[in-house]
Amino acid sequence: MTRLTNYFLPTEREPPADAEAVSHKLMVRAGLIRQIGSGLWSWLPAGWRVHQRIVQIVREEMNAIGGQEMLMPVLHPAEPWRRTGRYEIDELFKLNDRRGADMVLAMTHEEIVTGHVAAAVRSYRDLPLILYHFQIKERDEPRPRAGILRTREFIMKDSYSFDRDQEGLEVSYQRHVEAYDRMFDRLGLEWYRVEADVGMMGGIGAHEYMAPCAAGENEVALAPGYAANVEVASAQAQPVSLEPAPAAAEDVHTPGMTTIDAVASSLGLSPGALVKAFPVVVDGGEMKLVVVRGDHRVNEIKLRTALGGDFRPAQTDEIASRLGPPGFIGPVGAQMPILLDAAIEPDGGYVTGANRPDMHLRGVVPGRDFQFERVDVRSVVAGDTVAGAEIRIEPAIEVGNLFKLGTRYSDPLRATYLDQAGAEQLIWMGSYGFGPARSAAAAVEQYADEQGISWPRSMAPFDVELVVLGKDGSEERTLAERLYAELQQAGLDVLYDDRDAGPGEKFADAELLGCPARLTVGRRTLAAGEIEVQIRRGRESRTVPVDGAVEAVAELWRELP
RNA sequence: CGGGGAGUGGCGCAGUCUGGUAGCGCACCCGGCUGGGGGCCGGGCGGUCGCAGGUUCAAAUCCUGUCUCCCCGACCA
């Protein structure tokens, strides 16, 4: 029974004063969510219906690839987290029980699920396995933001695959790719599957599912046939015109010009005709000089990958003692390994710092003037090309991710099995996340208009909203009551606005909530024996005869986006 | 963690500079009208001004401390 007169749907005419993101404003206004603290949100009844619908679609697709649903606790002993080395993570909530034992609130469940598998799996015959659950995750985020886009507590579907070997992992991973493709299609989102950084999870491969929208925190690089997180994207740089290289590099006096722009404009060159040097200190203490084109930026994630380990930018005094005055450093004469970004032409004449005060060098040719190692460590920019096609860069919300974990967790937690030869082997693992709340927010972001939310059919809180105009006892009310019952019998979830309110208020609330179709029973159309049907996406209206209206609406419903 | 901003009825805000005992719109309650785009008239309810301390005859307002929330950046296993 979902009559608006006794349904908890507190709508607001105005958005919260501190809201920026469209999904934040609209989901609060529509009465779907309410905040109780920074990054902590309650789902109100209509919002929870959206969440549940998303969850059910994901559940069906996980079951379809052989996933087995279970449930693991949020509160964990600290011990397994210590074993995998993740107890030190800042985002991990830590607490003590009454006996003083160290506990954690789960930010993910690799430790626990792997522990179960380690305890139970003995034989290669027990594998492969896909286990999953929907469970609350707790993360002490440095900065929660944008409503439910980045919260400290949220529900996640996390699944884990357990295989005998890497080949098996590839199969389980591919099954997840197919399941995720299907679920995002069914959810009605615009989405991309992009190459992703494996991050500090120490995995061997990763993808992310990205829903493009203005409020997104990530950036994706897109071209026909290509999609990657900007963190890892690789592309052909736009060419720059270079000066012909002279026989040898020449000094240029550049007093006080410590920036690329200052030097470039002084010499009448484009920034791309310069190179900039970025000194770093790698794990172990060695200094290396990373060189990228003047118009490019070092991508720290790609650099970390290229270095095969962590690094830090060199400090001013280290730069001054090893190279030269900051602002005037360069690769020529540098007594350290040089990593040269792939966008720099091998035979071009570039301008670089001379490692002397107020001096640059022009006509510097890599290879002739300094030795180097080739790397790809710059951030791509819009206009670069992949296979001849220009890329564009869009903001997006990460709504799902896939990680090939390998033996990152099975090793420390000793999740092993005996193979056919009786030898102990480590289990190969993958982990796969999905965020129902972010998917809901992404849908709001992608399809909202001036009037409010426009849900995809699959995740709308109700299939149709039935609006009646007319007083108690009127002919309109009688018909609406009948339609309400019959629509439900026809299998549709109906929200019935039976309030004693004006038409403007009812229409505004209905369009704010964003159910895919709105039926209006009012005097105006009823005189002609019709009711009005408005399709929320596009707000186009039509009328259908009262006779057969339920069937007509049910049929129309099946064709909605 | 760095920078910026904000806490005053349910929501959105004014009042703070210049101290004098709290106001507006919406919402809500009652009565009536209206009935296809947040309509109209009349009458009401509701606030220890985030919290604590201080100054003062008097504090939303001045001072000190503290808590919370938001935005930008850093971070984001």
Side-chain angles (χ1 to χ4, degrees), chain A residues 8 10-21 24-25 28-29 31 34-41 81 84-92 104 106-111 137-147 149-152 154 156 158 196-203 206 208 215-218 229 231 300-301 304 310 313 397-398 401 403 405 408-409 431 433 435 438 450-452 467-477 497 499-512 518-528 530-532 534 539 541 543:
Chain A
F8 188 57
T11 58
E12 297 289 342
R13 193 183 290 242
E14 301 194 55
D18 51 25
E20 291 290 322
H24 182 187
K25 293 178 182 173
V28 171
R29 283 190 59 209
R34 284 295 186 270
Q35 184 172 23
I36 67 152
S38 181
L40 299 171
W41 291 83
W81 289 82
T84 59
R86 299 166 107 190
Y87 187 67
E88 303 309 320
I89 294 173
D90 288 336
E91 282 73 23
L92 186 66
V104 308
M107 57 191 300
T108 174
H109 282 79
E110 278 83 4
E111 279 77 1
K137 301 290 181 277
E138 305 280 354
R139 297 185 182 179
D140 195 0
E141 290 286 347
R143 184 156 100 81
R145 62 175 291 272
L149 241 39
R150 185 165 209 85
T151 56
R152 293 196 293 177
F154 59 97
M156 183 184 207
D158 39 326
D197 180 42
V198 295
M200 300 299 274
M201 281 186 85
E208 290 164 337
E217 295 187 283
N218 298 87
N229 193 314
E231 291 175 346
E300 296 198 359
I301 289 166
R304 198 164 280 125
D310 210 358
I397 299 175
E398 181 187 347
N401 54 43
F403 287 103
L405 297 175
R408 164 69 179 85
Y409 296 94
S431 79
R438 282 189 173 181
E450 287 295 303
Q451 279 64 234
V467 171
V468 64
L469 308 177
K471 288 183 212 182
D472 270 351
S474 64
E475 183 189 353
E476 295 92 316
R477 289 267 169 177
D497 189 348
R499 295 174 299 173
D500 179 23
E505 191 176 346
K506 290 189 172 194
F507 293 151
D509 272 351
E511 288 173 13
L512 176 60
R518 185 189 79 202
L519 309 191
T520 306
V521 181
R523 187 194 300 167
R524 189 180 286 179
T525 54
L526 202 52
E530 295 176 324
I531 61 171
E532 182 200 338
Q534 187 215 45
R539 301 178 69 228
S541 287
T543 54

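To find a chain, count down the sequence lines: A is the first, B the second, and so on, and within it residues start at 1.
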Worksheet item: So how far is it from A:F507 CZ to A:Q534 CD, rounded to the nearest 0.5 Å?
Response: 8.5 Å

Worksheet item: Would you say A:T520 and A:T525 make side-chain contact, with heavy atoms under 4.5 Å?
Response: no

Item to complete: Pick base, sugar-phosphate or nothing for A:D140, based on heavy-atom distances below 4.0 Å to the nucleic acid.
Response: nothing

Worksheet item: Counting any heavy atom closer than 4.0 Å, what does A:A19 reach on the DNA or RNA strands: base, sugar-phosphate only, or nothing?
Response: nothing

Item to complete: Report, as a single string ordered 5' to 3', how protein heavy atoms within less than 4.0 Å touch nucleotides 6-13 of chain B: B base, S sugar-phosphate only, - not at all.
Response: -----SSS

Practice prompt. Quickly work out the A:D90 CG to B:A74 P distance and round it to whole Å.
Written response: 17 Å

Discussion item. Under 4.0 Å, counting only non-hydrogen atoms across every strand here, what does A:R29 touch: a base, just sugar-phosphate, or nothing?
Written reply: base

Worksheet item: For B:G73, which nucleotide in any strand shown is its Watson-Crick or wobble partner with both distances under 3.5 Å?
Response: B:C1

Filtered N/O pairs between nucleotides 28-31 of chain B and protein, under 3.5 Å:
none

Discussion item. Counting C-beta onward and ignoring hydrogens, is there a side-chain heavy-atom pair between A:R139 and A:T108 closer than 4.5 Å?
Written reply: yes

Worksheet entry | Whole-Å gap separating P (B:A77) and CG (A:N218) | 10 Å

Discussion item. Does A:A146 reach a base, just sugar-phosphate, or nothing at all? Heavy atoms under 4.0 Å.
Written reply: sugar-phosphate

Worksheet item: If the P atom of B:C45 is compared with that of B:C29, how far apart are they to the nearest Å?
Response: 15 Å

Worksheet item: Watson-Crick or G-U wobble partner for B:U66, using a 3.5 Å limit on both distances?
Response: B:G50

Practice prompt. Please list, chain by chain and in numerical order, all residues satisfying side-chain contact (heavy atoms from CB on, under 4.5 Å) with A:R34, sequence neighbours excluded.
Written response: A:P10, A:E12, A:V28, A:L44

Practice prompt. Check side-chain contact (heavy atoms from CB on, under 4.5 Å) between A:E476 and all other residues, then give those that pass, not counting sequence neighbours.
Written response: A:V468, A:S474, A:V521, A:R523, A:L526

Response to the item:
Comparing A:G39 with A:T525, nearest RNA chain B nucleotide closer to 5' gives the residue A:T525

Worksheet entry | Spacing of A:R139 atom CZ relative to B:C75 atom P, expressed in whole Å | 17 Å

Item to complete: Just jot down the side chain to side chain donor-acceptor pair (under 3.5 Å) partners of A:D509, sequence neighbours excluded, or say none.
Response: A:T11, A:R499

Worksheet entry | Pair assignment for B:C28, Watson-Crick or G-U wobble, requiring both distances under 3.5 Å | B:G44

Worksheet item: Any idea which of B:A74, B:G37, B:G38 is nearest the A:F507 side chain?
Response: B:G37

Worksheet item: Whole-Å distance between B:G35 C1' and A:R499 CZ?
Response: 15 Å

Worksheet entry | Pairing partner of B:C57 (Watson-Crick or G-U wobble, both distances under 3.5 Å) | B:G20

Worksheet entry | Short side-chain to backbone donor-acceptor contact, A:Q35 and A:G37, under 3.5 Å | yes

Worksheet item: Any idea which of B:G37, B:A74, B:A77 is nearest the A:P142 side chain?
Response: B:A74

Worksheet item: Are the side chains of A:P142 and A:E91 in touch, meaning some heavy atoms are under 4.5 Å apart?
Response: yes

Worksheet item: Rounding to a whole Å, what distance do you find between A:E141:CD and B:C75:C1'?
Response: 9 Å

Worksheet item: How far, in whole Å, is B:A60 from B:U16 if one measures between their P atoms?
Response: 14 Å

Worksheet item: Between A:D472 and A:D500, is any pair of side-chain heavy atoms under 4.5 Å apart?
Response: no

Item to complete: Look through every strand shown and name the nucleotide pairing with B:C33 as Watson-Crick or G-U wobble, where both distances are under 3.5 Å.
Response: B:G39

Item to complete: Give the rounded distance in Å between these two atoms: CZ of A:R518 and P of B:G38.
Response: 13 Å

Fill in: A:T11 vs A:G85, nearer the 5' end of RNA chain B by closest nucleotide
A:T11

Worksheet item: Within this structure, what is the NZ-to-P distance between A:K25 and B:C71, rounded to whole angstrom?
Response: 11 Å

Discussion item. Classify A:K471 by what it touches in the nucleic acid, base, sugar-phosphate, or nothing, heavy-atom distance under 4.0 Å.
Written reply: base

Discussion item. What's the closest nucleotide to the side chain of A:R152 if the choices are B:C69, B:G38, B:G37?
Written reply: B:C69

Worksheet entry | Min side-chain heavy-atom separation A:M107-A:R86 under 4.5 Å | no

Discussion item. Evaluate A:T84 against A:E110 for side-chain contact (heavy atoms from CB on, under 4.5 Å), listing each step before the verdict.
Written reply: CA-CA 9 Å; A:T84 59; A:E110 278 83 4; over 6 Å; no

Discussion item. Run the side-chain contact (heavy atoms from CB on, under 4.5 Å) test against A:K137 and tell me which residues pass, sequence neighbours left out.
Written reply: A:H109, A:H133, A:Q135, A:F154, A:M156, A:D158

Discussion item. Taking 4.0 Å as the cut-off, does a side-chain nitrogen or oxygen of A:Q35 come that near to OP1 or OP2 on B:C70?
Written reply: yes

Fill in: d(CG, A:D472; P, B:U34) in whole Å
16 Å

Worksheet item: Considering only B:A77, B:C69, B:C75, which nucleotide approaches the side chain of A:M107 most closely?
Response: B:A77

Practice prompt. Please determine if a side-chain N or O atom of A:S38 lies less than 4.0 Å away from the OP1 or OP2 oxygen of B:U68.
Written response: no

Worksheet item: Of the nucleotides B:G35, B:A77, B:C75, which one has an atom closest to the side chain of A:T108?
Response: B:A77

Worksheet item: Within the modelled atom types, does a donor on one side and an acceptor on the other bring the side chain of A:R143 and the base of B:G4 under 3.5 Å apart?
Response: no

